Amino acid sequence: MRWTQTLIPTMKEDPSDAEIPSHRLMLRAGLIRQLMAGAYTYLPLGYRALRKAEAIVREEMERAGAVEVFMPALQPIELFERTGRKSAFGNVLINFLVARGDRKVHMALGPTHEEVVTDLVAHHISSYRQLPLTLYQIQTKFRNEERPRFGVLRTSEFLMKDAYSFHSSLAQLEETYRKMYEAYCRIFARCGLDYVAVEAESGPIGGDASHEFMVPAGNGEDSIVRCANCTYGANLERAETGRKTLLPTPPKEAAPLKTVSTPKVTTIEQVAKLLKIRPDQMIKTLIYVADEQPIAVLIRGDHEANENKVRRALSAGEIKLADEQTILKVTGAPVGFAGPVGLKCDIIADHDVPLIENAVAGANAADAHVTGVTFGRDYNLKATFDLRNAGDGDPCPKCGNRLELVHGIEVGHVFKLGTKYSISLNATYLDEKEQRNPIIMGCYGIGVNRIIASLAETSHDANGLIWPLAVAPYEVLVVTLNATDAETTKVAEQYVKDLEAAGVDVLYDDRDVRPGVKFKDADLVGIPLRIVIGGKGLQQGQVEIKWRTADAPEIAPVKDGARHALRMLAAKKDEQGRLVG
RNA sequence: CGGGGCGUAGCUCAGCCUGGCUAGAGCGCCAGCUUUGGGAGCUGGAAGUCGCAGGUUCGAAUCCUGUCGCCCCGACCA
């Protein structure tokens, strides 16, 4: 493709609206343009990259035994009503009434396709003999994001690969889940992404029923925890710490328990400021209601309670923060003055709580706190639990090494769904014993745009994008130094022809502009291999071939340059193929 | 949905506080000449409903009110 025949509107200056690297570079390199908040046009370069990623996803899905379908983006609202997701999605679900004759048809733009695919399968699968089955599609999804942001990372319209598997047993689901997990690893590795597979909240099935594939990036919206030493990784909701119960014996010379007046001072920060102490010297006492029973949850003042962990520790079905009346009943005080000493309900505490010496807590009386709170003397616990969010420096639950907290971009998610949708949409099969059972499902999503955005976000330098060969819009950029010189043009065109004949994607910068402009654009756009033709080099019978990431070019004779480039590409592909395995 | 910021040429921005001449600059674009290995120089040129609506005023890009759009922080994110 000739540069002069396509549309690559590069920008010399940073657009003022774009703050994070991926957004800025995708705009500057002419990959995308914004239409409105949360909706972007993919220009030729951006769309080529997107399609390369899509092709890799498709190949690996097929390899894993999934079969492709294409379902409508337009969906009847009834399906979402049947699964209860019309209200679960709320405003996120784009839906509207359409006039049809004298009727109004209520439809939605698909935010995902569990309903549609389950409905399809409900009509066409009836026997265990037809299972397992995995269907997938690559299609535009619509979600009315409350706040689209970060360029292409969070939009209201996006390209997603979604796969759904159907099974007659949990073992069968397990098998497909494993295949999908492996396919995802291959996909992200082939795309050249540095990714982490982390455990995620698993919902009704429990266990290791859900993994997210995250690309570590400072601007990522999700917080994940990973071990610097072993393979352990989890999102913040899920991440465990390797801490153990440590119940200290009360020191002999502990400070006395003392009540101090703290009128209208209710938050950790306010109390810490008033008493001139640090938040980590305080005990945060949260009153929850777990399956109708009030329970006090103790957390160190500077930590955050993790409700999922609290729920699991209590083996409760549902927990929520208590209302004011419950708090008044249990603590005898309004909100903000709860503490472990003399509390009229059960107490559950995080591992770090009893270790706080001379702690400060609410006094269970209005406008008062107590100081000198000492474990074993003023309150007691039989055991402690992991109840707070994991953080930097916590021990790894697998190997005991240090965990680190990093931000990440979620590019994929695999999930064992169970029978939620098959039950509500009546998707059943008949087993060997002629018993009717709901089909067991799994679902597997990949944000294709996010693959591209994550690469832009993490793979660039001061001069521009750096594409991995597999996803680059073009593999080779042929640059002429003087587009008006007949000899230069002749050589360049022969190169383009030879490389294209060998199956290489070539962009030919044939613009009649100064070399400096071409070099700057070449770096900005980030095509992996650059071949420069013209100038002194050509006079000496040479061309320059340079990786985007290399400091200096390789020099090849004009006659051999195309073959030389092909050898370089082949070597690189080999190297990357070995990484995927 | 709460908080903050910004809308002036294709892009980046000045002008606004303190109203007043024909609304400016750099980059980009067009023409010509020169130049040709890291975003060239000179000359000439085209290009703006100053987001939109209303108000105040002799006079509004500038002041006031409303409204729309975009960005950022937070809440939310099956």
Side-chain angles (χ1 to χ4, degrees), chain A residues 7 9-20 23-24 27-28 30 33-40 79-80 83-93 108 110-115 118 141-151 153-156 158 160 162 164 200-204 210 212 219-223 235-237 409-410 413 415 417-418 420-421 424 441 443 445 447 450 462-464 479-485 488 509 511-525 530 532-540 542-544 546 551-553 555:
Chain A
L7 177 65
T10 59
M11 288 189 273
K12 195 191 277 194
E13 289 171 286
D14 280 337
S16 58
D17 283 357
E19 300 211 346
I20 69 169
H23 191 195
R24 233 174 36 226
L27 285 167
R28 282 194 57 204
R33 281 297 181 268
Q34 183 179 59
L35 179 63
M36 60 178 184
Y40 286 82
L79 281 180
F80 290 95
T83 58
R85 289 215 296 177
K86 182 171 184 287
S87 59
F89 273 118
N91 288 332
V92 172
L93 184 69
T112 171
H113 281 70
E114 277 86 357
E115 280 82 359
T118 307
K141 301 288 190 281
F142 300 88
R143 294 179 195 182
N144 181 34
E145 287 295 342
E146 291 295 325
R147 190 187 152 204
R149 65 182 118 180
F150 296 144
L153 270 182
R154 187 166 197 77
T155 52
S156 293
F158 54 96
M160 179 171 164
D162 47 328
Y164 308 90
E201 265 313 310
S202 50
S210 175
E212 290 169 348
N219 287 307
E221 288 188 282
D222 297 287
S223 291
N235 71 15
L236 201 55
E237 285 180 341
I409 299 165
E410 184 186 348
H413 196 164
F415 198 93
L417 267 182
K420 174 175 155 64
Y421 295 97
S424 54
M441 293 174 57
C443 70
R450 282 186 175 182
N463 295 318
V479 179
T480 51
L481 290 178
N482 187 344
T484 57
D485 178 66
T488 302
D509 188 351
R511 291 176 298 171
D512 180 20
V513 294
R514 297 175 66 83
V517 174
K518 293 189 169 192
F519 287 137
K520 287 288 182 191
D521 272 347
D523 286 348
L524 178 59
V525 163
R530 188 188 79 187
V532 175
I533 297 168
K536 287 177 217 129
L538 192 59
Q539 281 167 26
Q540 292 164 15
Q542 294 174 334
V543 298
E544 292 171 17
K546 183 179 112 49
D551 292 328
I555 307 295

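By convention in this document, chain letters (A, B, ...) are assigned in the order of the sequence lines, proteins followed by strands, and residues within each chain are numbered from 1. Everything quoted here is computed from the prediction, not taken from an experiment.
Within the nucleic acid shown, Glu145(A) has no heavy atom closer than 4.0 Å to any nucleic acid atom. At a threshold of 4.0 angstrom between heavy atoms, the contacts of Phe80(A) with the nucleic acid are absent. Using a 4.0 Å heavy-atom cutoff across all strands shown, Pro9(A) reaches no nucleic acid atom at all. Looking at heavy-atom distances under 4.0 Å, Ala88(A) makes no contact with the nucleic acid at all. Within the 4.0 angstrom heavy-atom criterion, no nucleotide atom of any strand lies near Glu221(A). Using a 4.0 Å heavy-atom criterion, one finds that Ser16(A) contacts the sugar-phosphate atoms exclusively. Arg33(A) comes within 4.0 angstrom of no nucleic acid atom, judged by non-hydrogen atoms across all strands.
Separation of the P atoms belonging to U12(B) and G7(B) is 12 Å when rounded to the nearest angstrom. Across the C1' atoms, A23(B) and C64(B) are found 23 Å apart, a figure rounded to whole Å. With C1' as the reference atom, G45(B) and G3(B) are 47 Å apart, rounded to whole Å. A distance of about 24 Å separates the P atoms of G66(B) and C71(B), rounded to the whole Å.
For A53(B), the paired base is U65(B) (Watson-Crick or G-U wobble, both distances below 3.5 Å). In this entry G26(B) has C11(B) as its Watson-Crick or G-U wobble partner, both defining distances falling under 3.5 Å.
Look at CD on Glu115(A): it is 14 Å from P on A78(B), rounded to the nearest Å. Between the C1' atom of C73(B) and the CZ atom of Arg149(A) lies a distance of 8 Å, rounded to the nearest Å. Rounded to whole angstrom, the span from the CG atom of Asp521(A) across to the P atom of G39(B) amounts to 12 Å.
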Can you pull every protein N or O that's under 3.5 Å from an N or O on nucleotides 33-37 of chain B?
| from | atom 1 | to | atom 2 | distance (Å) |
| --- | --- | --- | --- | --- |
| U35(B) | O2 | Arg514(A) | NH1 | 2.7 |
| G37(B) | O6 | Gly534(A) | O | 3.0 |
| G37(B) | O6 | Gly537(A) | N | 3.3 |
| G37(B) | N1 | Glu544(A) | OE2 | 2.6 |
| G37(B) | N2 | Glu544(A) | OE1 | 2.7 |
| G37(B) | N2 | Glu544(A) | OE2 | 2.9 |

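For the ring-ring contact (aromatic ring centres under 6.0 Å, His included) test, residues two or more places apart in sequence or in another chain that qualify with His23(A) are Tyr40(A).
Counting distance only, with no hydrogens placed and no angle test, the side-chain atoms of Glu13(A) and the base atoms of G26(B) include a donor-acceptor pair under 3.5 Å. Scanning atom types as modelled, one donor and one acceptor separated by under 3.5 angstrom connect the side chain of Arg143(A) and the base of A78(B).
Although no hydrogens or angles enter the test, the distance criterion places no donor-acceptor pair under 3.5 Å between the side chain of Arg143(A) and the main chain of Ser156(A).
Within 6.0 Å of CG in Asn91(A) there are 12 or fewer heavy atoms belonging to other residues, nucleotides or ligands.
Salt-bridge formation is not detected for the pair Glu19(A)/Arg24(A): no Lys NZ or Arg NE/NH1/NH2 atom is positioned less than 4.0 Å from an Asp or Glu carboxylate oxygen.
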